[in-house]
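What follows is a set of notes on a single structure, which appears directly below.
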Amino acid sequence: QVQLVESGGGLVQPGGSLRLSCAASGLNDYFIGWFRQAPGKEHEGVSCISNTDRSTYYADSVKGRFTISRDNAKNTVYLQMNSLKAEDTAVYYCVALRYTTVQAMCQMRVPRDAYDYWGQGTQVTVSS
């Protein structure tokens, strides 16, 4: 059993930055993705990273602003979010999937319940 623990969310002004963290023992065996859900909207894959070749995927809406990385020694995946916009406001979830590609994972080509583990979510609010 892998328990994903997210941290780093909060309230930030437009143009500001936040860094989300996702930690768990056993995390190194999985592709890890950051997904978000805004009120009244479906889940959206934001960014995903492989556990093998560290390839990454970014949704068009965050390219150039967000950076995903992983520290295997710390069993932690990070999402650095810069130049935040009001439309980035959402609950952000850390998600683990064992066998996939970063594109398939982030584009949600599998049913939600096919992902191996979801974190509890952390709120990110971008507002002045």
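Along the sequence shown, the residues carry numbers beginning at 1. Excluded from the calculations below are hydrogen atoms, water molecules and symmetry mates; all remaining heavy atoms, backbone and side chain alike, are included.
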Short side-chain to backbone donor-acceptor contact, Thr76 and Lys74, under 3.5 Å:
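A pair under 3.5 Å: yes.
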Measure the shortest side-chain to side-chain distance between [X] and [Y] over non-hydrogen atoms and say whether it is less than 4.5 angstrom.
X: Val124; Y: Leu20; result: yes
X: Glu6; Y: Gln120; result: yes
X: Glu44; Y: Val62; result: no
X: Val77; Y: Ile68; result: yes

Could you tell me which residues satisfy side chain to side chain contact (heavy atoms under 4.5 Å, CB included) with [X], sequence neighbours excluded, listed by chain and number?
X: Ala24; result: Val2, Leu4, Leu27
X: Thr101; result: Gln103, Ala104
X: Thr125; result: Leu11, Thr89, Gln123, Ser127
X: Pro111; result: Asp113, Ala114

Could you name each residue pair satisfying ring-ring contact (aromatic ring centres under 6.0 Å, His included) that touches residues 55-91, not counting sequence neighbours?
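Non-adjacent pairs meeting ring-ring contact (aromatic ring centres under 6.0 Å, His included): zero.
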Residue pairs meeting ring-ring contact (aromatic ring centres under 6.0 Å, His included), one or both in residues 14-56, sequence neighbours left out, come to Tyr30-Tyr117, Phe35-Tyr115, Phe35-Trp118, His43-Tyr93, His43-Trp118
Give me the other members of the hydrophobic cluster that Tyr99 sits in, counting Ile, Leu, Val, Met, Phe, Trp and Tyr linked by side-chain heavy atoms under 4.5 Å, directly or via other members.
none
The test is salt bridge (charged side-chain N to carboxylate O under 4.0 Å, His left out); show your working for Asp88 and Lys85 and say whether it passes.
CA-CA 5 Å; Asp88 294 318; Lys85 306 176 181 179; over 6 Å; no
If every non-hydrogen atom of [X] is compared with every non-hydrogen atom of [Y], which pair is closest and at what distance?
X: Met105; Y: Thr100; result: N-OG1, 3.6 Å
X: Ala59; Y: Gly45; result: CB-O, 3.5 Å
X: Ala90; Y: Ala38; result: CB-N, 3.8 Å

Between atom [atom1] of [X] and atom [atom2] of [Y], what is the distance when rounded to the nearest 0.5 Å?
X: Glu42; Y: Arg112; atom1: CD; atom2: CZ; answer: 10.0 Å
X: Ile32; Y: Leu79; atom1: CD1; atom2: CG; answer: 12.5 Å
X: Asp116; Y: Asp29; atom1: CG; atom2: CG; answer: 10.5 Å
X: Met81; Y: Arg36; atom1: CE; atom2: CZ; answer: 9.0 Å

Would you please name every residue forming a side chain to side chain donor-acceptor pair (under 3.5 Å) with [X], sequence neighbours left out?
X: Asn82; result: Ser17, Gln80
X: Arg19; result: none
X: Asn75; result: Asn28

For residues 75-112, which residue pairs pass the disulfide (SG to SG under 2.5 Å) check, not counting sequence neighbours?
Cys22-Cys94, Cys48-Cys106
Should Ile49 and Val95 be counted in the same cluster of Ile, Leu, Val, Met, Phe, Trp and Tyr side chains packed under 4.5 Å apart?
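No.
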In chain order, what residues pass the ring pair (Phe, Tyr, Trp, His ring centres under 6.0 Å) check against Tyr92, with sequence neighbours excluded?
none
With a cut-off of 6.0 Å (strictly less than), are more than 12 heavy atoms of other residues, nucleotides or ligands near CD of Glu87?
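Yes - once you tally the heavy atoms of other residues, nucleotides and ligands closer than 6.0 Å, there are more than 12.
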